[in-house]
Amino acid sequence: MFGLVDCNNFYASCHRVWMPEHRTSPVIVLSNNDGCVIARSNEAKALGIKMGTPFFELKEMIIEKKIIVFSSHYALYGDMSERVMNNLARFSPEVEVYSIDECFLKLDGFDDIAKYMTKIRKTIIKNTGIPVSVGAAPTKTLAKLANKLAKKGNGVCLLDTADKIDLALSDYPVEDVWGIGRQYAAKLISLKIDTAEKFRKMPIEWVNKNMSIVGVRMWRELRGESCLNMKTYFEPKKGMCTSRAFGKLTDDYQELQEATSNYASRLAFKLRREKLCTNVLSVRLLTNMFRKDLPQAFPSITIALDHPVNNTPDLIKAALRGLKKIFRKGFKFQKVEVSATGLIPENEVQLNFFKSYNDRNNKVSQVLDNLNSYYGKGTIRLASEGLVKKWDMRRSFLTPDYTNSWDDIIKVK
DNA sequence: TCTGGGGTCCTAGGACCC
DNA sequence: TCTGGGGTCCTAGGACCC
(Lines give C-alpha, C1' and ligand atoms only; values in the text may rest on other atoms or scores of the structure.)
Protein backbone atom coordinates (compact mmCIF):
# COMPACT_ATOMS: atom_id res chain seq x y z
CA MET A 1 0.00 0.00 0.00
CA PHE A 2 1.31 3.44 -1.01
CA GLY A 3 0.50 6.48 1.11
CA LEU A 4 0.77 10.02 -0.18
CA VAL A 5 0.95 12.98 2.17
CA ASP A 6 0.42 16.34 0.50
CA CYS A 7 0.54 19.71 2.24
CA ASN A 8 -2.59 21.80 1.76
CA ASN A 9 -1.99 25.08 -0.11
CA PHE A 10 1.63 24.71 0.96
CA TYR A 11 3.14 28.17 0.33
CA ALA A 12 0.10 29.96 1.72
CA SER A 13 0.16 27.66 4.77
CA CYS A 14 3.87 28.38 5.37
CA HIS A 15 3.15 32.09 5.71
CA ARG A 16 0.20 31.43 7.99
CA VAL A 17 2.32 29.49 10.45
CA TRP A 18 4.23 32.70 11.14
CA MET A 19 1.24 35.03 10.90
CA PRO A 20 -1.61 33.14 12.53
CA GLU A 21 -3.74 36.27 12.49
CA HIS A 22 -4.36 35.47 8.80
CA ARG A 23 -5.66 31.97 9.51
CA THR A 24 -9.17 32.77 8.31
CA SER A 25 -8.40 35.42 5.67
CA PRO A 26 -8.05 34.74 1.97
CA VAL A 27 -4.30 34.46 1.32
CA ILE A 28 -2.42 34.43 -1.99
CA VAL A 29 1.26 33.96 -2.77
CA LEU A 30 2.83 35.55 -5.85
CA SER A 31 5.49 34.26 -8.22
CA ASN A 32 8.87 35.95 -8.62
CA ASN A 33 8.52 39.57 -9.67
CA ASP A 34 5.09 39.48 -8.03
CA GLY A 35 3.90 38.39 -11.46
CA CYS A 36 1.08 35.94 -10.91
CA VAL A 37 -0.68 33.82 -8.29
CA ILE A 38 1.08 30.55 -7.46
CA ALA A 39 -0.66 29.56 -4.22
CA ARG A 40 -4.03 30.25 -2.66
CA SER A 41 -5.67 29.50 0.67
CA ASN A 42 -9.09 27.82 0.53
CA GLU A 43 -10.72 31.21 1.17
CA ALA A 44 -8.91 32.67 -1.86
CA LYS A 45 -9.94 29.67 -4.00
CA ALA A 46 -13.53 30.23 -2.89
CA LEU A 47 -13.33 33.78 -4.27
CA GLY A 48 -12.66 32.23 -7.67
CA ILE A 49 -8.99 33.22 -7.92
CA LYS A 50 -7.32 30.83 -10.36
CA MET A 51 -3.77 29.53 -10.34
CA GLY A 52 -1.59 31.70 -12.58
CA THR A 53 -3.85 34.76 -12.55
CA PRO A 54 -1.73 37.88 -13.23
CA PHE A 55 -1.46 39.95 -10.07
CA PHE A 56 -2.38 43.24 -11.76
CA GLU A 57 -5.78 41.82 -12.68
CA LEU A 58 -6.58 41.29 -9.00
CA LYS A 59 -5.71 44.68 -7.58
CA GLU A 60 -9.29 45.86 -7.07
CA MET A 61 -10.46 42.56 -5.66
CA ILE A 62 -7.60 42.54 -3.15
CA ILE A 63 -8.77 45.76 -1.58
CA GLU A 64 -12.45 44.88 -1.77
CA LYS A 65 -12.12 41.38 -0.28
CA LYS A 66 -9.22 42.18 2.08
CA ILE A 67 -6.98 39.55 0.51
CA ILE A 68 -3.60 39.03 2.18
CA VAL A 69 -0.75 39.01 -0.36
CA PHE A 70 2.76 37.54 -0.02
CA SER A 71 5.77 37.58 -2.34
CA SER A 72 7.23 34.09 -2.67
CA HIS A 73 9.95 33.19 -0.21
CA TYR A 74 11.58 29.92 -1.22
CA ALA A 75 14.06 29.72 1.63
CA LEU A 76 11.13 29.71 4.04
CA TYR A 77 9.26 27.01 2.09
CA GLY A 78 12.39 24.88 1.95
CA ASP A 79 12.79 25.02 5.71
CA MET A 80 9.13 24.31 6.42
CA SER A 81 9.26 21.41 3.98
CA GLU A 82 12.20 19.92 5.83
CA ARG A 83 10.27 20.06 9.08
CA VAL A 84 7.33 18.24 7.52
CA MET A 85 9.53 15.58 5.89
CA ASN A 86 11.53 14.96 9.06
CA ASN A 87 8.31 14.31 10.92
CA LEU A 88 6.98 12.02 8.18
CA ALA A 89 10.16 9.95 8.14
CA ARG A 90 9.21 8.55 11.54
CA PHE A 91 6.08 6.91 10.19
CA SER A 92 7.50 4.43 7.68
CA PRO A 93 10.78 2.71 6.89
CA GLU A 94 10.32 3.65 3.24
CA VAL A 95 9.66 7.29 2.37
CA GLU A 96 10.13 9.16 -0.89
CA VAL A 97 10.21 12.95 -0.79
CA TYR A 98 8.47 13.56 -4.11
CA SER A 99 8.40 17.35 -4.12
CA ILE A 100 8.65 20.31 -1.78
CA ASP A 101 5.19 19.56 -0.38
CA GLU A 102 4.58 15.88 -1.11
CA CYS A 103 5.87 12.61 0.24
CA PHE A 104 5.12 8.96 -0.54
CA LEU A 105 5.18 6.48 2.35
CA LYS A 106 5.09 2.71 2.07
CA LEU A 107 2.32 1.62 4.41
CA ASP A 108 2.60 -2.17 4.41
CA GLY A 109 2.48 -4.15 7.62
CA PHE A 110 0.48 -1.73 9.74
CA ASP A 111 -2.62 -3.07 11.51
CA ASP A 112 -5.18 -0.36 10.95
CA ILE A 113 -4.02 1.78 8.04
CA ALA A 114 -6.95 4.20 8.17
CA LYS A 115 -6.26 4.93 11.81
CA TYR A 116 -2.55 5.27 11.14
CA MET A 117 -3.21 7.80 8.35
CA THR A 118 -5.25 9.92 10.74
CA LYS A 119 -2.42 9.79 13.24
CA ILE A 120 0.09 10.93 10.60
CA ARG A 121 -2.13 13.84 9.67
CA LYS A 122 -2.67 14.99 13.23
CA THR A 123 1.01 14.70 14.12
CA ILE A 124 2.18 16.81 11.19
CA ILE A 125 -0.38 19.51 11.88
CA LYS A 126 0.55 19.58 15.56
CA ASN A 127 4.32 19.54 15.11
CA THR A 128 4.69 21.90 12.14
CA GLY A 129 1.48 23.92 11.86
CA ILE A 130 1.14 22.84 8.23
CA PRO A 131 -2.19 21.17 7.36
CA VAL A 132 -1.80 18.01 5.27
CA SER A 133 -3.99 15.47 3.52
CA VAL A 134 -3.27 11.75 3.41
CA GLY A 135 -4.33 9.30 0.69
CA ALA A 136 -3.45 5.62 0.35
CA ALA A 137 -4.03 2.94 -2.28
CA PRO A 138 -2.33 -0.07 -3.92
CA THR A 139 -0.43 2.05 -6.51
CA LYS A 140 1.15 5.49 -6.58
CA THR A 141 -1.28 6.79 -9.19
CA LEU A 142 -4.25 5.63 -7.12
CA ALA A 143 -2.65 7.09 -3.99
CA LYS A 144 -2.43 10.48 -5.73
CA LEU A 145 -6.09 10.13 -6.61
CA ALA A 146 -6.97 9.15 -3.04
CA ASN A 147 -5.12 12.20 -1.80
CA LYS A 148 -7.19 14.52 -3.98
CA LEU A 149 -10.34 12.92 -2.62
CA ALA A 150 -8.97 13.33 0.91
CA LYS A 151 -8.59 17.06 0.29
CA LYS A 152 -12.25 17.29 -0.66
CA GLY A 153 -13.32 15.31 2.40
CA ASN A 154 -11.96 15.12 5.92
CA GLY A 155 -8.27 14.97 5.03
CA VAL A 156 -7.89 11.20 4.88
CA CYS A 157 -8.87 8.73 2.14
CA LEU A 158 -8.04 5.04 1.93
CA LEU A 159 -8.80 3.14 -1.29
CA ASP A 160 -8.04 -0.41 -0.24
CA THR A 161 -10.74 -2.51 -1.94
CA ALA A 162 -11.82 -2.97 -5.56
CA ASP A 163 -15.27 -1.59 -4.73
CA LYS A 164 -13.89 1.61 -3.23
CA ILE A 165 -11.55 2.09 -6.19
CA ASP A 166 -14.34 1.50 -8.73
CA LEU A 167 -16.54 4.02 -6.98
CA ALA A 168 -13.75 6.61 -6.75
CA LEU A 169 -12.89 6.28 -10.44
CA SER A 170 -16.45 6.33 -11.74
CA ASP A 171 -16.83 10.10 -11.59
CA TYR A 172 -13.19 11.17 -11.28
CA PRO A 173 -12.34 13.68 -14.05
CA VAL A 174 -9.76 12.20 -16.41
CA GLU A 175 -7.85 15.49 -16.53
CA ASP A 176 -7.15 15.20 -12.79
CA VAL A 177 -5.36 11.85 -13.11
CA TRP A 178 -1.64 12.09 -12.28
CA GLY A 179 0.22 12.07 -15.60
CA ILE A 180 -2.58 13.45 -17.73
CA GLY A 181 -1.74 17.01 -18.65
CA ARG A 182 -3.38 19.56 -20.91
CA GLN A 183 -2.65 17.84 -24.22
CA TYR A 184 -3.76 14.35 -23.27
CA ALA A 185 -6.79 15.68 -21.43
CA ALA A 186 -7.98 17.57 -24.50
CA LYS A 187 -7.45 14.51 -26.69
CA LEU A 188 -9.23 12.13 -24.30
CA ILE A 189 -12.16 14.44 -23.65
CA SER A 190 -12.65 15.04 -27.38
CA LEU A 191 -13.09 11.26 -27.64
CA LYS A 192 -15.62 11.34 -24.80
CA ILE A 193 -13.21 9.61 -22.43
CA ASP A 194 -13.83 12.04 -19.60
CA THR A 195 -13.49 9.95 -16.43
CA ALA A 196 -10.72 7.81 -14.98
CA GLU A 197 -13.13 4.88 -15.23
CA LYS A 198 -13.61 5.30 -18.99
CA PHE A 199 -9.86 5.67 -19.52
CA ARG A 200 -9.27 2.47 -17.58
CA LYS A 201 -11.67 0.63 -19.88
CA MET A 202 -9.78 1.57 -23.08
CA PRO A 203 -7.89 -1.27 -24.78
CA ILE A 204 -4.18 -1.31 -23.95
CA GLU A 205 -3.27 -1.21 -27.67
CA TRP A 206 -5.02 2.15 -28.03
CA VAL A 207 -3.26 3.55 -24.97
CA ASN A 208 0.12 2.32 -26.16
CA LYS A 209 -0.35 3.79 -29.63
CA ASN A 210 -1.68 7.17 -28.51
CA MET A 211 0.07 7.80 -25.21
CA SER A 212 3.30 5.79 -25.38
CA ILE A 213 4.72 3.69 -22.60
CA VAL A 214 4.01 6.43 -20.06
CA GLY A 215 0.28 6.17 -20.74
CA VAL A 216 0.39 2.39 -20.47
CA ARG A 217 1.98 2.60 -17.04
CA MET A 218 -0.71 5.04 -15.92
CA TRP A 219 -3.42 2.75 -17.28
CA ARG A 220 -1.99 -0.28 -15.47
CA GLU A 221 -1.62 1.67 -12.23
CA LEU A 222 -5.28 2.71 -12.38
CA ARG A 223 -6.13 -0.98 -12.67
CA GLY A 224 -4.25 -1.66 -9.44
CA GLU A 225 -1.04 -3.01 -10.97
CA SER A 226 1.89 -1.17 -9.40
CA CYS A 227 4.41 0.04 -12.03
CA LEU A 228 6.04 2.95 -10.21
CA ASN A 229 8.30 1.99 -7.34
CA MET A 230 9.37 4.00 -4.35
CA LYS A 231 12.54 6.00 -5.03
CA THR A 232 14.15 6.08 -1.65
CA TYR A 233 17.73 6.73 -2.76
CA PHE A 234 19.39 9.94 -3.89
CA GLU A 235 19.81 10.42 -7.62
CA PRO A 236 22.08 13.15 -8.96
CA LYS A 237 20.51 15.73 -11.22
CA LYS A 238 20.84 15.46 -15.00
CA GLY A 239 20.49 19.11 -15.80
CA MET A 240 20.48 22.40 -13.98
CA CYS A 241 19.12 25.79 -14.93
CA THR A 242 19.06 29.34 -13.60
CA SER A 243 16.40 31.40 -15.25
CA ARG A 244 14.55 34.37 -13.96
CA ALA A 245 12.55 37.23 -15.42
CA PHE A 246 14.01 40.69 -14.86
CA GLY A 247 12.15 43.30 -12.87
CA LYS A 248 11.80 45.24 -16.15
CA LEU A 249 12.35 44.67 -19.87
CA THR A 250 15.78 45.66 -21.16
CA ASP A 251 17.68 46.08 -24.43
CA ASP A 252 20.84 47.32 -22.70
CA TYR A 253 23.78 45.04 -23.48
CA GLN A 254 25.64 45.99 -20.33
CA GLU A 255 22.65 45.10 -18.17
CA LEU A 256 22.26 41.78 -19.94
CA GLN A 257 25.94 41.05 -19.38
CA GLU A 258 25.57 41.73 -15.67
CA ALA A 259 22.46 39.61 -15.38
CA THR A 260 24.02 36.76 -17.38
CA SER A 261 27.11 36.88 -15.16
CA ASN A 262 24.95 36.80 -12.08
CA TYR A 263 22.87 33.83 -13.31
CA ALA A 264 26.00 31.92 -14.39
CA SER A 265 27.45 32.57 -10.97
CA ARG A 266 24.33 31.20 -9.27
CA LEU A 267 24.46 28.16 -11.52
CA ALA A 268 28.11 27.58 -10.64
CA PHE A 269 27.23 27.81 -6.97
CA LYS A 270 24.41 25.28 -7.34
CA LEU A 271 26.72 22.90 -9.21
CA ARG A 272 29.33 23.10 -6.44
CA ARG A 273 26.69 22.60 -3.79
CA GLU A 274 25.70 19.31 -5.42
CA LYS A 275 29.31 18.37 -6.21
CA LEU A 276 28.71 18.31 -9.97
CA CYS A 277 30.60 19.69 -12.96
CA THR A 278 29.26 20.54 -16.39
CA ASN A 279 30.51 19.95 -19.90
CA VAL A 280 27.89 21.93 -21.73
CA LEU A 281 26.51 25.39 -21.06
CA SER A 282 23.51 26.97 -22.78
CA VAL A 283 22.45 30.60 -22.81
CA ARG A 284 19.09 31.83 -24.06
CA LEU A 285 17.53 35.28 -24.21
CA LEU A 286 13.76 35.65 -24.16
CA THR A 287 11.42 38.51 -24.91
CA ASN A 288 8.03 38.83 -23.18
CA MET A 289 5.58 36.61 -25.07
CA PHE A 290 2.58 38.46 -23.66
CA ARG A 291 3.64 41.72 -25.28
CA LYS A 292 2.05 41.27 -28.69
CA ASP A 293 3.01 44.87 -29.50
CA LEU A 294 6.75 44.12 -29.34
CA PRO A 295 8.94 42.06 -31.69
CA GLN A 296 9.70 38.60 -30.32
CA ALA A 297 12.98 36.68 -30.26
CA PHE A 298 14.34 33.68 -28.34
CA PRO A 299 17.96 33.35 -29.48
CA SER A 300 19.99 30.62 -27.81
CA ILE A 301 23.36 28.95 -28.01
CA THR A 302 24.89 25.79 -26.61
CA ILE A 303 28.58 25.84 -25.80
CA ALA A 304 30.76 22.77 -25.34
CA LEU A 305 33.33 23.49 -22.64
CA ASP A 306 36.94 22.33 -22.99
CA HIS A 307 36.79 20.61 -19.67
CA PRO A 308 34.04 19.88 -17.12
CA VAL A 309 33.99 22.69 -14.56
CA ASN A 310 31.91 24.19 -11.77
CA ASN A 311 33.98 27.26 -10.94
CA THR A 312 32.45 30.71 -11.20
CA PRO A 313 35.05 32.52 -13.38
CA ASP A 314 35.08 29.87 -16.14
CA LEU A 315 31.32 29.56 -16.29
CA ILE A 316 30.79 33.33 -16.38
CA LYS A 317 33.35 33.64 -19.15
CA ALA A 318 31.64 30.95 -21.23
CA ALA A 319 28.18 32.41 -20.61
CA LEU A 320 29.29 35.90 -21.67
CA ARG A 321 30.87 34.47 -24.82
CA GLY A 322 27.51 32.89 -25.58
CA LEU A 323 25.59 36.07 -24.84
CA LYS A 324 27.79 38.04 -27.23
CA LYS A 325 26.93 35.64 -30.05
CA ILE A 326 23.18 35.66 -29.53
CA PHE A 327 22.54 39.28 -28.53
CA ARG A 328 20.49 41.23 -31.06
CA LYS A 329 19.58 44.87 -31.13
CA GLY A 330 15.97 45.99 -31.41
CA PHE A 331 14.46 43.60 -28.87
CA LYS A 332 13.33 44.22 -25.30
CA PHE A 333 14.43 41.15 -23.39
CA GLN A 334 12.60 39.95 -20.31
CA LYS A 335 14.68 37.01 -19.22
CA VAL A 336 17.96 35.20 -19.59
CA GLU A 337 18.36 31.48 -19.00
CA VAL A 338 21.71 29.88 -18.21
CA SER A 339 21.61 26.09 -18.09
CA ALA A 340 23.99 23.19 -17.75
CA THR A 341 23.52 19.73 -19.22
CA GLY A 342 25.88 16.80 -19.29
CA LEU A 343 26.51 16.90 -15.55
CA ILE A 344 29.35 14.83 -14.15
CA PRO A 345 30.13 14.19 -10.48
CA GLU A 346 33.07 16.32 -9.38
CA ASN A 347 35.13 13.29 -8.42
CA GLU A 348 34.63 11.53 -11.77
CA VAL A 349 36.03 14.31 -13.95
CA GLN A 350 38.93 13.18 -16.16
CA LEU A 351 42.24 14.74 -15.28
CA ASN A 352 43.87 16.90 -17.95
CA PHE A 353 46.91 18.96 -18.78
CA PHE A 354 45.27 22.19 -17.64
CA LYS A 355 44.39 21.04 -14.17
CA SER A 356 46.59 23.64 -12.50
CA TYR A 357 44.70 26.40 -14.29
CA ASN A 358 41.34 25.09 -13.10
CA ASP A 359 42.72 24.70 -9.62
CA ARG A 360 43.21 28.43 -9.35
CA ASN A 361 39.63 29.23 -10.34
CA ASN A 362 38.34 26.44 -8.13
CA LYS A 363 40.12 27.99 -5.18
CA VAL A 364 38.66 31.40 -6.01
CA SER A 365 35.19 29.82 -6.04
CA GLN A 366 35.80 28.11 -2.73
CA VAL A 367 36.71 31.46 -1.17
CA LEU A 368 33.59 33.06 -2.67
CA ASP A 369 31.42 30.31 -1.17
CA ASN A 370 33.01 30.57 2.25
CA LEU A 371 32.65 34.35 2.44
CA ASN A 372 29.12 34.40 1.08
CA SER A 373 28.01 31.64 3.39
CA TYR A 374 29.33 33.55 6.38
CA TYR A 375 28.43 37.13 5.46
CA GLY A 376 25.34 36.44 3.35
CA LYS A 377 24.53 35.79 -0.33
CA GLY A 378 26.15 38.15 -2.83
CA THR A 379 28.48 39.78 -0.31
CA ILE A 380 31.40 39.15 -2.64
CA ARG A 381 31.02 38.57 -6.38
CA LEU A 382 32.79 38.98 -9.69
CA ALA A 383 32.97 42.50 -11.09
CA SER A 384 31.14 41.43 -14.26
CA GLU A 385 28.01 40.90 -12.15
CA GLY A 386 27.82 44.66 -11.70
CA LEU A 387 27.35 46.89 -8.70
CA VAL A 388 23.61 47.52 -8.76
CA LYS A 389 21.09 44.99 -10.03
CA LYS A 390 19.03 47.24 -12.26
CA TRP A 391 17.26 44.16 -13.53
CA ASP A 392 16.51 42.66 -10.10
CA MET A 393 13.14 41.10 -9.18
CA ARG A 394 10.25 42.97 -7.69
CA ARG A 395 9.20 41.60 -4.32
CA SER A 396 6.88 44.09 -2.70
CA PHE A 397 5.21 41.76 -0.22
CA LEU A 398 8.20 40.02 1.29
CA THR A 399 7.86 38.70 4.82
CA PRO A 400 10.73 38.53 7.32
CA ASP A 401 13.17 35.63 6.97
CA TYR A 402 11.86 33.84 10.07
CA THR A 403 13.85 30.63 9.67
CA ASN A 404 17.08 31.95 8.15
CA SER A 405 18.09 35.18 9.82
CA TRP A 406 18.80 35.92 13.47
CA ASP A 407 17.47 39.45 12.98
CA ASP A 408 14.13 38.14 11.77
CA ILE A 409 13.60 35.42 14.33
CA ILE A 410 10.16 35.57 15.91
CA LYS A 411 9.87 37.36 19.26
CA VAL A 412 7.80 35.90 22.08
CA LYS A 413 6.39 38.31 24.62
C1' DT B 1 3.39 49.02 -16.06
C1' DC B 2 2.47 44.43 -14.51
C1' DT B 3 1.78 37.19 -16.77
C1' DG B 4 7.20 31.98 -12.43
C1' DG B 5 11.08 28.68 -12.06
C1' DG B 6 13.07 24.26 -12.07
C1' DG B 7 12.91 19.71 -13.16
C1' DT B 8 11.77 14.56 -15.37
C1' DC B 9 11.02 11.01 -19.02
C1' DC B 10 10.17 9.31 -23.81
C1' DT B 11 10.54 9.23 -28.87
C1' DA B 12 12.30 10.00 -33.37
C1' DG B 13 15.87 10.99 -36.30
C1' DG B 14 20.62 11.76 -37.56
C1' DA B 15 25.49 10.70 -37.24
C1' DC B 16 28.44 7.45 -36.33
C1' DC B 17 30.63 2.62 -35.39
C1' DC B 18 32.01 -2.33 -37.06
C1' DT C 1 20.07 -6.14 -62.44
C1' DC C 2 22.09 -5.77 -58.25
C1' DT C 3 24.13 -2.37 -52.64
C1' DG C 4 23.43 -5.58 -45.08
C1' DG C 5 22.61 -5.90 -40.37
C1' DG C 6 23.12 -4.56 -35.94
C1' DG C 7 24.40 -1.46 -32.80
C1' DT C 8 25.44 3.32 -29.79
C1' DC C 9 25.23 8.10 -28.74
C1' DC C 10 23.41 12.62 -29.08
C1' DT C 11 19.91 16.16 -29.70
C1' DA C 12 15.53 18.36 -30.32
C1' DG C 13 10.96 18.36 -29.38
C1' DG C 14 7.01 17.12 -26.86
C1' DA C 15 4.71 15.43 -23.07
C1' DC C 16 4.44 15.64 -18.05
C1' DC C 17 5.31 17.06 -12.83
C1' DC C 18 5.32 20.49 -8.64
Side-chain angles (χ1 to χ4, degrees), chain A residues 4 6-11 28-39 49-60 62 69-74 77-78 81 96-104 140-141 144 147-148 175-188 208-218 227-228 231 235-250 263 266-267 270-271 274 276 279-280 282 284 286-294 298 300-302 304 332 334-343 393-397:
Chain A
L4 176 67
D6 190 315
C7 301
N8 300 348
N9 316 324
F10 183 55
Y11 296 170
I28 59 172
V29 179
L30 303 178
S31 64
N32 282 342
N33 281 313
D34 297 333
C36 64
V37 176
I38 56 166
I49 300 172
K50 298 265 181 296
M51 197 75 166
T53 308
F55 176 50
F56 65 85
E57 287 180 6
L58 292 173
K59 289 203 168 149
E60 280 174 25
I62 282 163
V69 182
F70 294 108
S71 294
S72 43
H73 194 323
Y74 292 98
Y77 312 146
S81 172
E96 173 186 341
V97 177
Y98 175 68
S99 75
I100 194 161
D101 72 332
E102 278 177 66
C103 185
F104 285 105
K140 277 185 164 181
T141 305
K144 286 285 279 190
N147 189 288
K148 285 218 181 180
E175 66 268 29
D176 290 346
V177 172
W178 188 39
I180 295 194
R182 267 224 300 273
Q183 309 295 323
Y184 285 145
K187 185 169 179 173
L188 289 167
N208 189 28
K209 184 162 169 254
N210 290 278
M211 301 172 76
S212 87
I213 186 75
V214 185
V216 173
R217 276 202 291 257
M218 225 153 54
C227 303
L228 305 167
K231 280 200 268 177
E235 276 196 90
K237 282 197 174 65
K238 297 176 176 163
M240 223 184 251
C241 170
T242 299
S243 133
R244 195 157 298 142
F246 309 134
K248 57 167 184 121
L249 300 181
T250 182
Y263 290 21
R266 280 169 192 270
L267 183 68
K270 289 198 281 187
L271 285 166
E274 311 220 359
L276 294 165
N279 256 333
V280 181
S282 300
R284 180 197 303 269
L286 298 94
T287 48
N288 184 344
M289 286 190 303
F290 293 101
R291 291 292 296 269
K292 305 290 182 206
D293 54 323
L294 293 175
F298 312 95
S300 75
I301 189 169
T302 298
K332 297 263 188 200
Q334 186 199 25
K335 185 192 274 194
V336 60
E337 268 177 25
V338 183
S339 55
T341 48
L343 304 187
M393 297 194 277
R394 293 183 305 272
R395 296 212 280 179
S396 308
F397 310 95

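A note on names: the letters A, B, ... follow the listed sequences, proteins ahead of strands, and every chain is numbered from 1. Note: hydrogens, waters and symmetry copies are ignored here, and every other heavy atom, side chains too, is used.
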Regarding the side chain of A:Asn288, the nearest nucleotide among B:dT3, C:dC16, B:dC10 is B:dT3
Please report the distance, rounded to the nearest Å, between CG in A:Leu343 and C1' in C:dC10. 15 Å
Roughly how many Å apart are B:dC17 and C:dG4, using the C1' atom of each and rounding to a whole number? 15 Å
From NZ of A:Lys335 over to P of B:dG4, roughly how many Å is that when rounded to an integer? 7 Å
Compare side-chain N and O positions of A:Arg291 against OP1 and OP2 of B:dC2 and report whether any pair is under 4.0 Å apart. yes
So how far is it from A:Arg395 CZ to A:His73 NE2, rounded to the nearest 0.5 Å? 6.5 Å
Candidate nucleotides B:dT8, B:dG4, C:dC16, ranked by approach to the side chain of A:Ser31 - the nearest: B:dG4
Against the side chain of A:Ser99, the closest entry in C:dA15, C:dC18, B:dC2 is C:dC18
For B:dC9, does either OP1 or OP2 sit under 4.0 Å from a side-chain N or O belonging to A:Lys238? yes
Look at A:Ser243 and B:dG6 and indicate whether a side-chain polar atom (N or O) is within less than 4.0 Å of OP1 or OP2. yes
Please work out if A:Thr242 contacts a base, only the sugar-phosphate, or nothing of the nucleic acid, heavy-atom cut-off 4.0 Å. sugar-phosphate
Of the candidate nucleotides B:dT8, B:dT11, C:dC18, which contains the atom at the shortest distance from the side chain of A:Ile213? B:dT11
Using only heavy-atom distances, determine whether the side chains of A:Ser99 and A:Asp101 contain a donor-acceptor pair under 3.5 Å. yes
Of all the nucleotides listed (B:dG4, B:dC10, C:dC16), which has the minimum atom distance to the side chain of A:Gln183? C:dC16
Which nucleotide in the set B:dG6, B:dG4, C:dC18 lies at the smallest distance from any side-chain heavy atom of A:Cys241? B:dG6
Find the distance A:Tyr74:OH to C:dC18:C1' and express it as a whole number of Å. 11 Å
So A:Gly52, base contact, sugar-phosphate only, or nothing? Heavy-atom distance under 4.0 Å. nothing
Between CG of A:Leu286 and P of B:dT3 the distance, given in whole Å, is 13 Å
Counting N and O atoms only, with roles assigned by atom type, does the side chain of A:Asn32 sit under 3.5 Å from a partner on the main chain of A:Arg244, one being a donor and the other an acceptor? no
Look at the side chain of A:Ser81 and the backbone N and O of A:Ile100, then say whether any donor-acceptor pair between them is shorter than 3.5 Å. yes
In whole Å, I'd like the distance from the CG atom of A:Leu30 to the P atom of B:dT1. 20 Å
What's the closest nucleotide to the side chain of A:Leu249 if the choices are B:dC2, B:dT3, B:dT11? B:dC2
Taking only the side-chain nitrogens and oxygens of A:Lys144, find out if one of them lies under 4.0 Å from OP1 or OP2 of C:dC18. yes
Closest to side chain of A:Arg394, choosing from B:dG4, B:dC2, B:dC9: B:dC2
For A:Tyr184, report the nucleic acid contact type (base, sugar-phosphate, nothing); a contact means any heavy atom under 4.0 Å. sugar-phosphate
Rounded to whole angstroms, how far apart are OH on A:Tyr98 and P on B:dG7? 15 Å
Ignoring the backbone of A:Arg217, work out which of C:dC16, B:dC10, B:dT8 is nearest its side chain. B:dC10
Could you give the CD1-to-P distance, from A:Ile49 to B:dT3, as a whole number of Å? 18 Å
What orientation do A:Tyr77 and A:Tyr11 show, parallel under 30°, tilted 30 to 60°, or perpendicular over 60°? parallel
What's the CZ-P distance between A:Phe55 and B:dT3, to the nearest Å? 12 Å
Whether A:Ser282 side chain and A:Thr302 backbone form a donor-acceptor pair below 3.5 Å: no
Strand partner of C:dG6, provided both Watson-Crick or wobble distances fall under 3.5 Å: B:dC17
On the nucleotide B:dT3, are OP1 or OP2 found under 4.0 Å from the side-chain N or O atoms that A:Gln334 carries? yes
